Number of protein chains: 2
Amino acid sequence: MSEADATQQEYPVLRGLPVDMCIFTVATESRKTPQDNIDKRTLKSYPDKHLELLLVKRISDTEGDKWALPGGFTKIETETIDAAAIRELKEETNLDASVTQLRAKPVGDGIYLEQMKAYYKPGRDDRGPTPTVAYVALVHEALLANLHAGGDAGQARLFRVPENSAHPFVCHTENGTTTVDWSELAFDHAEIISDALKFVQNQILTTTIAADLLPKEFTIAELHQVISAVVPSYGQMTTNFARDLLKTKTRNSMLKEALDEHGELKKSSQYSARPAQLYRFNEEYEPWLSIYPRP
Amino acid sequence: MSEADATQQEYPVLRGLPVDMCIFTVATESRKTPQDNIDKRTLKSYPDKHLELLLVKRISDTEGDKWALPGGFTKIETETIDAAAIRELKEETNLDASVTQLRAKPVGDGIYLEQMKAYYKPGRDDRGPTPTVAYVALVHEALLANLHAGGDAGQARLFRVPENSAHPFVCHTENGTTTVDWSELAFDHAEIISDALKFVQNQILTTTIAADLLPKEFTIAELHQVISAVVPSYGQMTTNFARDLLKTKTRNSMLKEALDEHGELKKSSQYSARPAQLYRFNEEYEPWLSIYPRP
DNA sequence: TTAATAGTGTCTTTAAGACATTATTAA
DNA sequence: TTAATAATGTCTTAAAGACACTATTAA
């Protein structure tokens with residue numbers, strides 16, 4: 001301790017680095033029920049999917065009881081920053097999955113986690129502990145069934161992410177609806193969330209992290225639905241979307257047809273009358289992305 | 001100070017955030033001279049271009065006199081982290097240009113600067129001040145003519161970046177040649193530089209930051225040369241490269257033909273017998289990048 | 001003239017897009 | 001049967017790639 005103090009003259013020393021977690025999921029709307037007075041055949045229609053973000057309600061501190069991103073501090077002298085992010089992800093989501101490393105590349109087991117950006121502004125009083133390193137996680141909704149609030153937070157809830165900043169974050173529960181406007185978020189979390197949203201939108205379009213939001217085997221329509229949930233401006237599913245995805249030379253190694261134990265094509269009737277072909281991501285696929293012509 | 005100490009119990013407080021700068025440039029080999037005993041016509045051939053990185057030699061500290069990335073600390077209570085990066089960029093390069101903001105998007109005036117990643121590992125003794133936030137800059141070589149070492153560093157030099165980690169960084173001067181192996185770099189700077197290299201390679205292929213390494217108006221061959229300098233595996237310049245760049249629908253707004261005051265096409269004979277058409281980047285161009293079919 | 005680089009013509013293959021048609025299933 | 005979604009066929013246009021050819025200049 002005295003050694004650290006002595007060092008402070010030469011260069012400032014950090015005593016534990018804050019981490020903020022942007023934990024997103026793509027939630028599936030509950031299926032239509034017969035009570036909805038709809039032709040029973042409509043029951044097979046795809047449930048809607050939309051993007052949700054985990055927020056926690058702070059218990060009285062400098063930022064009052066505002067909703068905020070979950071977060072914490074690295075355990076100085078024992079943790080890397082990535083390890084702290086993994087620990088926070090587990091704590092905040094009550095995940096029992098064995099997350100032991102960053103998942104910047106999708107592994108298809110439901111968790112993507114990557115560092116996004118470091119934030120720092122002078123004047124701690126304005127926005128709480130500075131700096132902070134923001135991490136972005138995309139987690140399969142099935143893994144978020146047992147949320148609990150960790151650390152210094154009151155409640156943890158998944159909020160639907162609005163398509164533009166004129167609309168609030170919304171959370172429906174049996175006890176009613178909670179809405180949180182962008183301006184009501186603690187610290188500079190509105191800025192961080194805005195950056196994180198652009199980040200996941202870019203990532204889902206340029207990498208195969210959609211794999212972490214889908215079952216191991218999925219239909220093209222389900223894949224399209226996940227993309228559209230994260231990027232609302234993405235177009236409608238068309239018959240050509242599927243064909244372009246499968247037949248073009250630069251993409252034809254991206255998905256593989258799912259086969260059953262007899263080597264037969266596996267199909268799913270979960271959401272459609274006519275069974276749809278199931279696919280899985282090919283882990284060997286490496287996207288080529290460039291604005292310049294391929295050399 | 002005592003107020004800060006009191007706060008430490010609740011959450012650790014940072015007392016100035018370190019910043020490491022990965023300052024790259026694309027250097028132009030000195031032109032062939034007649035003494036090289038080459039047919040004079042060869043003089044017009046393009047000079048080679050290659051990627052260079054600014055390193056500084058530390059003066060005796062915990063890391064001895066190793067070569068390292070230039071860096072510094074945010075001025076706590078007055079600077080944002082971005083402001084510190086801008087200040088360090090100016091100090092280390094002796095730039096007199098009025099850099100007042102991050103240039104994540106190219107502005108074509110010779111400077112691209114963007115935050116890459118935050119690093120943190122426990123155990124300060126192993127690698128000096130932790131954490132650190134690494135910034136990546138790509139600067140036009142003309143702006144790096146007046147290098148001087150800033151702060152606690154001895155010398156500042158531009159080193160040629162090797163194409164793989166089996167080879168060292170090399171710097172030629174009148175006084176001889178300096179080579180620095182990856183393993184000889186201070187702290188964990190080899191890891192940071194490795195990440196930064198992938199980062200700039202990805203950025204130059206997916207954004208228009210090449211504009212910052214070129215004159216306002218340039219030929220297609222010069223553009224290709226810059227890309228190849230940063231991404232050595234990029235292919236040879238072909239006649240189809242130019243045509244694909246200019247004629248395809250998704251890219252045809254990327255470059256605009258340069259016109260003189262009479263509205264005539266501007267051409268350059270600087271590097272070729274037959275004059276080549278000059279182009280400039282279209283600032284309105286927004287690349288579309290996705291592994292999925294365009295909606 | 002020749003060397004060197006810039007740029008065009010033309011043909012082939014592949015990808016993208018429009019849109020009609022057929023297929024498969026549950027109720 | 002009908003509704004709903006999956007998948008194919010076919011035709012058109014655009015992009016990519018191969019490669020021979022022409023153009024412009026300096027020395």
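Remember, it's a predicted structure, so these values are computed and weren't measured experimentally. Residue numbers begin at 1 in each chain, while the letters A, B, ... track the order of the sequences.
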What is the distance from CG of B:N240 to C1' of D:dA18, rounded to the nearest Å? 7 Å
Roughly, in whole Å, what's the span from CD in A:Q277 to P in C:dA23? 18 Å
For a 4.5 angstrom cut-off between non-hydrogen side-chain atoms, does B:L144 reach B:T93? yes
Which nucleotide in the list C:dA6, D:dA7, D:dT25 gets nearest to the side chain of B:R274? C:dA6
Would you kindly give the CG-to-P distance between B:L265 and C:dT8, to the nearest whole Å? 11 Å
Sugar-phosphate only, base, or nothing, as touched by A:T219 at under 4.0 Å among non-hydrogen atoms: nothing
Does a nitrogen or oxygen in the side chain of A:T248 sit under 4.0 Å from OP1 or OP2 of C:dA16? yes
B:Q270 has an atom CD; how far is it from atom P of C:dA6, in whole Å? 12 Å
Provide, to the nearest angstrom, the distance between the NZ atom belonging to B:K247 and the P atom belonging to C:dT10. 16 Å
Closer than 4.0 angstrom, basic N to acidic O: yes or no for A:E52 and A:R160? no
Taking NE2 from B:H224 and P from C:dT5, how many angstroms apart are they, rounded to a whole number? 14 Å
Take atom NZ of A:K267 and atom P of C:dT25, then tell me their distance rounded to the nearest Å. 9 Å
Residue mapping more 5' on DNA chain C - nearest nucleotide basis, B:I220 or B:P293: B:I220
Within the structure shown, what part of the strands sits under 4.0 Å from B:T239 by heavy-atom distance: base, sugar-phosphate, or nothing? base
Report yes if some heavy atom in the side chain of A:L245 is under 4.5 Å from a heavy atom in the side chain of A:M254; otherwise report no. yes
Heavy-atom side-chain contact between B:F218 and B:L255 under 4.5 Å: yes
If you check every side-chain atom of A:D244, which of D:dA7, C:dG17, C:dG7 has the closest atom? C:dG17
Chi angles and distances behind the side chain to side chain donor-acceptor pair (under 3.5 Å) call for A:E114, A:Y112: CA-CA 7 Å; A:E114 192 172 12; A:Y112 159 84; 2.4 Å; yes
Counting any heavy atom closer than 4.0 Å, what does A:A242 reach on the DNA or RNA strands: base, sugar-phosphate only, or nothing? nothing
Proximity to the side chain of A:S272 - top-ranked nucleotide from D:dT5, C:dT25, D:dT24: D:dT5
Is it the case that the base of D:dG9 and the side chain of A:R243 share a donor-acceptor contact (distance under 3.5 Å, atom types as modelled)? yes
How many Å lie between CZ on B:R251 and P on D:dA15, as a whole number? 9 Å
